[in-house]
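Have a look at the structure below before the remarks.
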Amino acid sequence: MTDMITQVVSFKDKPAIARASAILEAGNLVAAATETVYGLAADATNDIAVKKIYKVKGRPSNNPLICHVCDVSMADSIVHINETAKHLMEKFWPGPLTFVLPKREPTQIAATVSAGLPTIAVRCPKHPAMQNLIQALNRPIAAPSANPSGKLSPTSAQDVVSGLQGKIELVIDGGRTDLGIESTIISIDQYNTIKLLRPGTITADEIAEAAGQEILDNNDHHITAPGQLSSHYAPNAQIRLDATVKQEGEYLIGFGNIMGDRNLSDHANLAEAARNLFQTIRIADREADKIAIAPIPMVGIGIAINDRIKRAAAPRPPETNEGQPA
Ligand code: AMP
Ligand code: MG
């Protein structure tokens with residue numbers, strides 16, 4: 001792939017959304033803001049375009065992508081939605097909740113999107129950048145986070161450019177993302193069992209309450225994907241967790257009472273900590289070779305934050321140092 005100039009345009013620029021849609025229509029990629037992290041978008045019905053996502057990210061091809069839809073009806077055209085899923089979609093969409101559901105057959109969705117699985121992950125984003133892009137294309141958009149595989153997820157247009165400069169034509173800028181971490185992912189199977197595949201800002205407790213049933217942990221190791229690998233979101237620096245005091249050479253990321261070189265949230269607000277998380281690790285990574293992070297309580301959004309920092313701190317495969325599967 002020859003390198004090109006990556007242009008950043010505002011999501012408020014209507015002709016830019018039309019241009020982005022035309023790029024997708026032609027089978028190429030653009031990045032766009034969502035309320036979680038920036039996504040690397042392709043027309044989900046175009047197999048060649050979807051393969052470009054894997055190539056540009058360096059993502060292992062057995063790791064499925066999320067299909068972004070503009071509403072429940074577009075989701076219904078690609079997956080089977082039972083009563084529980086419908087109820088949860090009505091409650092949490094548009095928003096940061098992804099559903100892994102049985103795919104309709106035959107399907108227009110490229111097989112590479114779900115890496116050959118009989119399910120498809122669907123999400124309806126709220127941010128107008130991605131939402132308007134889906135409406136303009138009028139088809140589902142496959143989009144993982146817009147970063148090289150295994151690296152920190154991008155929460156600003158600048159983060160996207162620093163990882164994918166020259167590899168994509170356009171980034172639709174929607175400012176710093178509101179939520180800062182990727183969507184919550186649940187699966188709902190034919191027995192109506194709900195499993196939490198990835199924690200996010202919508203918590204398992206909130207979903208359980210809305211569904212009126214318990215949410216199981218995912219103990220099915222057959223479903224492997226980047227978000228579920230032990231090492232992911234890897235900065236260059238080593239990370240030490242549960243740090244209360246800064247050691248020599250470390251950059252301390254604080255939380256609440258534990259004041260660091262920078263704090264995720266002075267007032268111990270977990271939503272604010274999630275919003276600042278990847279950005280703060282990026283800054284720390286530029287400043288030091290060792291990063292220490294203060295303890296984050298394992299409650300509410302804290303569960304998702306701990307999931308991300310644990311993966312960022314996990315030992316990396318020695319050769320690539322990139323958090324790729326061994
Ligand atoms: P990312 O696009 O980087 O946020 O990662 C998307 C995540 O969605 C993957 O890491 C998987 O955990 C999950 N996912 C997508 N499709 C499926 C599927 N069909 N079954 C299970 N998990 C999925
Ligand atoms: Mg990702």
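One-based numbering, in listed order, for ligands and for the atoms of each. Fair warning: this is a prediction, and the values are worked out from it, not measured in the lab.
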Please determine whether a side-chain nitrogen of the Lys or Arg among Glu182 and Arg308 lies less than 4.0 Å from a carboxylate oxygen of the Asp or Glu. yes
Ser10 and Asp173: side-chain donor and acceptor closer than 3.5 Å? no
Looking only at heavy atoms, what is the nearest atom pair of Leu29 and Ile23, with distance? O-CG2, 3.8 Å
Where ligand 1 meets Pro144 - atom numbers and elements under 4.0 angstrom, heavy-atom basis: 2 (O)
Contacting atoms of ligand 1, where contact means under 4.0 angstrom from a heavy atom of Ala121: 15 (C), 16 (N), 17 (C)
Taking only heavy atoms of Ile185 into account, list the atoms of ligand 1 that are under 4.0 Å away from them. 7 (C), 8 (O), 13 (C)
Pairing donors with acceptors under 3.5 angstrom, does anything connect the side chains of Thr155 and Asp159? yes
Which is closest to atom 6 (C) of ligand 1 by heavy-atom distance: Arg59, Arg123, Lys57? Arg59
Judging by distance only, is a nitrogen or oxygen of Arg198 under 3.5 angstrom from one on ligand 1? yes
For atom CG of Leu216, is the number of surrounding heavy atoms from other residues, nucleotides or ligands below 6.0 Å larger than 12? yes
The Mg ion (ligand 2) reached by Ser149 (N, O or S, under 2.8 Å): no
Within the 4.0 Å heavy-atom shell around Leu117, which atoms of ligand 1 are there? 18 (C), 19 (N), 20 (N)
Note: ligand 1 atoms sitting under 4.0 Å from heavy atoms of Thr119 are 18 (C), 19 (N), 20 (N)
Full working for side-chain hydrogen bond (donor to acceptor under 3.5 Å, both in side chains) between Gln7 and Arg19: CA-CA 12 Å; Gln7 227 191 318; Arg19 191 177 139 211; 2.9 Å; yes
Among the heavy atoms of Asn63, does any lie under 4.0 Å from an atom of ligand 1? no
